[in-house]
Amino acid sequence: MNKRLLFLMASLLLCGAVSAQNYWGDDPNSHAQPSNTPIVASVTMDGTAVTTSNAMRLGAFVGDELRGIAAPHTDGKFWIQVFYTDANDHITFKFYDGTNEYTTCETTLDGSEEGYGTPGAPQVLNFTTTQTMTTELAQGWTWWSTPIEITNGEAALTMIENSLEHNGVTIKSQNDFTINYYGEVDYDLWYGGLEAINNEQGYMIQTNTACNVSMVGVFANPSNHEITLTRNWNWIGYPVSTNQYVTPALSALEPVDGDVLKDKNNFTTYYEGFGWYPDDFVLYPGKGYMYYSNSNTNSFHYTIGRDNVDNTNNDLYWTPITDKYPFNNSIIAVLSIGDKEITDDIEVGAFVNDECRGSVKLSYFPPTGRYYALLCVSGTNKETISFKTLDLESETYISFKENEIVGSLDNPLVIKFTQPAMETNYISLYPNPVKRNQEFKVLIPEEEQVSEYIINDMVGTTIYKETTNKNTLISSVSPGVYLLKVICKSGNIYYSKFIVE
């Protein structure tokens with residue numbers, strides 16, 4: 001270990017470090033890289049030194065991977081240890097000031113065991129407050145808002161229109177819209193009643209191709225932007241530059257039982273005495289939202305929290321088609337086969353003909369002791385929606401109505417499924433689908449013991465047999481759809497369909 005690193009470590013112990021709660025996700029893996037760079041840094045914003053606070057965080061990155069993080073030291077500097085592979089690793093920086101995240105830093109450093117900066121002469125990292133916020137738009141409809149401060153609503157709308165160019169078709173607010181009359185002239189001509197935009201509102205943007213839209217400016221301060229709610233649906237913006245879970249984000253709001261917050265693909269509902277369910281609903285900068293209020297008037301400012309947001313994939317089998325349609329509805333449902341409710345976290349999809357319009361896994365809700373499907377379903381009025389699990393077809397059909405809320409946690413829609421005649425003893429598997437050579441669990445009744453497994457393909461050919469007393473099985477067959485027959489020692493026979501990926 002070199003002398004400078006020893007000096008930095010000794011100084012770190014003497015000064016007393018502030019624990020750096022990780023703002024950017026998992027802690028850096030110090031064992032994944034062979035070397036480290038010690039950095040003592042000071043942070044400036046537009047050339048002016050920041051007044052440090054315990055909420056601040058400085059992150060060091062190689063590409064998109066976090067390699068080091070630090071809170072302000074007791075001396076007002078940021079003491080950060082950055083892990084790197086070789087000298088070709090280019091270290092970039094992000095700064096979180098307790099409210100907003102800044103990613104535009106003038107300085108890039110290379111991996112070096114000698115490190116950078118000292119307590120007396122720190123490495124200066126200058127960030128700029130002017131940010132470019134880019135949102136990816138799908139072909140079709142996107143619900144949009146911005147965390148960039150809007151001081152001139154007309155100029156901001158013009159910025160969006162110019163950013164969209166010929167890709168833009170329609171921009172809608174809750175009460176007005178503007179349409180792009182392009183094609184007959186050599187420039188974009190937007191015309192309609194929408195003349196300005198603001199940070200408090202959510203908008204719909206329709207495009208004729210997938211593209212990006214950008215806003216340039218400084219981040220808004222959420223405390224300056226009151227969100228006002230009236231009874232029924234409200235199109236609301238999210239003037240916050242960070243991802244947040246619903247509970248901390250809306251901690252300043254007093255919701256009413258049955259209130260709903262939704263985006264283009266998911267929703268969460270408020271249950272009196274419990275809170276928001278599901279509570280892992282995430283608000284993202286650049287997205288627009290709709291809020292259904294059961295109060296005549298209500299208002300709030302977004303609260304800024306520092307909870308780590310889990311961005312893991314839900315690993316759904318179906319990919320819903322949502323961008324083709326401007327609106328969706330919200331369905332709170334339980335599933336049943338006959339009179340028996342399904343109590344597994346299986347996936348259920350909502351379909352119009354063969355097109356999936358929404359999909360979700362069931363989740364358990366402790367206050368009622370039931371498993372619910374909270375489905376956001378996209379579509380147009382009067383379309384007929386049916387439901388499927390991976391191996392069952394529903395008996396239940398409903399007619400789509402935009403922005404309708406179907407069911408509640410106390411009185412959910414019951415989606416009934418038909419059990420195939422040959423599968424009078426239907427059972428579930430978990431997970432389903434299952435990856436090739438992955439173990440999955442066969443959910444037979446507790447009193448039963450397995451005697452034999454038989455796997456048939458969909459034309460009835462037996463391709464696998466196993467005699468065992470285990471209630472787990474390895475998916476050792478090729479990818480496809482199969483019928484599993486489970487023979488128990490009691491003589492009972494159970495069936496299930498499953499998918500191997």
Side-chain angles (χ1 to χ4, degrees), residues 1-33 35-62 65-84 89 91-129 218-219 221-223 240-244 248 251 303-309:
M1 182 178 295
N2 62 57
K3 293 181 180 179
R4 186 175 182 281
L5 183 54
L6 286 170
F7 166 76
L8 288 173
M9 292 177 64
S11 299
L12 187 66
L13 293 172
L14 289 172
C15 290
V18 177
S19 175
Q21 177 184 350
N22 194 344
Y23 169 74
W24 286 283
D26 294 335
D27 290 327
N29 183 357
S30 60
H31 302 291
Q33 290 81 31
S35 305
N36 62 76
T37 296
I39 301 173
V40 179
S42 61
V43 171
T44 60
M45 296 294 296
D46 296 328
T48 301
V50 300
T51 301
T52 56
S53 70
N54 289 340
M56 292 180 174
R57 297 293 182 267
L58 178 66
F61 293 78
V62 174
E65 184 177 355
L66 180 67
R67 294 290 184 86
I69 186 169
H73 225 270
T74 54
D75 63 356
K77 312 295 190 305
F78 291 84
W79 297 62
I80 185 167
Q81 189 177 25
V82 183
F83 303 100
Y84 71 96
D89 279 355
I91 303 168
T92 59
F93 299 91
K94 297 180 182 180
F95 177 63
Y96 173 69
D97 69 357
T99 301
N100 293 310
E101 175 188 297
Y102 296 91
T103 59
T104 306
C105 179
E106 298 172 351
T107 303
T108 299
L109 302 176
D110 294 325
S112 168
E113 290 189 0
E114 289 299 314
Y116 300 90
T118 65
Q123 172 71 52
V124 177
L125 300 177
N126 184 54
F127 291 83
T128 58
T129 55
V218 299
F219 284 133
N221 185 339
S223 64
V240 182
S241 65
T242 58
N243 305 343
Q244 287 195 98
S251 62
T303 303
I304 307 301
R306 289 188 290 113
D307 292 336
N308 295 335
V309 173

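Reckoned from all heavy atoms, side chains included, excluding hydrogens, waters and symmetry mates.
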- Message: I'd like to know whether Thr128 forms a side-chain hydrogen bond (donor to acceptor under 3.5 Å, both in side chains) with Asp46, so could you lay out the CA-CA distance, the side-chain angles of the two residues, the decisive distance to 0.1 Å, and finally the verdict.
- Response: CA-CA 5 Å; Thr128 58; Asp46 296 328; 5.0 Å; no
- Step by step, would you call Ser35 with Glu113 a side-chain contact (heavy atoms from CB on, under 4.5 Å)? CA-CA 7 Å; Ser35 305; Glu113 290 189 0; 3.9 Å; yes
- Message: Applying side-chain contact (heavy atoms from CB on, under 4.5 Å) to Thr118 and Val40, what does each step give before you reach the verdict?
- Response: CA-CA 6 Å; Thr118 65; Val40 179; 5.7 Å; no
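When all heavy atoms of Gly47 and Asn126 are compared, the closest pair comes out as N-OD1, 2.8 Å. Counting all heavy atoms, side chain and backbone alike, Gly68 lies closest to Pro28 at N-CG, 3.6 Å. Between Ser241 and Glu101, the shortest heavy-atom distance links the atoms OG-N, 3.5 Å. Closest approach of Asn54 to Arg57, counting heavy atoms only: O-NH1, 2.7 Å.
Taking NE2 of His73 as the start and OG1 of Thr52 as the end, the distance is 11.5 Å to the nearest 0.5 Å. Remark: Tyr116 OH to Ile80 CD1 distance equals 13.5 Å, nearest 0.5 Å. Between Asp97 atom CG and Ser53 atom OG the span is 7.5 Å, to the nearest 0.5 Å. To the nearest 0.5 angstrom, Leu66 atom CG is 10.0 Å from Phe83 atom CZ. Thr129 OG1 to Asn100 CG: the interatomic distance, rounded to the nearest 0.5 Å, is 10.5 Å.
Taking a cutoff of 4.0 Å between a charged side-chain nitrogen and a carboxylate oxygen, Arg67 and Asp89 qualify as a salt bridge.
Contact check for Cys105 versus Thr92: no side-chain heavy atoms found under the 4.5 Å cut-off. Side-chain contact between Ile69 and Leu58: absent, with no pair of heavy atoms (C-beta onward) separated by less than 4.5 Å. In this structure, Gln81 and Pro38 have side chains that are not in contact, with every pair of non-hydrogen atoms separated by 4.5 Å or more. Contact check for Ile39 versus Pro122: no side-chain heavy atoms found under the 4.5 Å cut-off. Contact of the Trp79 side chain with the Pro119 side chain is registered, since non-hydrogen atoms from C-beta on lie closer than 4.5 Å. Residues Phe61 and Ile91 form no side-chain contact, since every pair of their non-hydrogen atoms from C-beta on lies 4.5 Å or further apart. The side-chain heavy atoms of Phe127 and Thr44, taken from C-beta on, include no pair separated by under 4.5 Å.
With hydrogens and angles disregarded, a donor-acceptor distance shorter than 3.5 Å links the side chain of Gln244 to the backbone of Thr303. Between the side chain of Tyr96 and the backbone N or O of Gly59, no donor-acceptor pair lies under 3.5 Å. No donor-acceptor distance shorter than 3.5 angstrom exists from the side chain of Thr37 to the backbone of Gly115, with no hydrogens or angles considered.
Not counting sequence neighbours, Phe93 has no partner by the ring-ring contact (aromatic ring centres under 6.0 Å, His included) test.
The cationic atom of Lys94 (NZ for Lys, CZ for Arg) does not lie both less than 6.0 Å from the six-membered ring centre of Tyr102 and within 45° of the ring axis.
With no hydrogens or angles considered, no side-chain donor-acceptor pair links Ser112 and Asp110 at under 3.5 Å.
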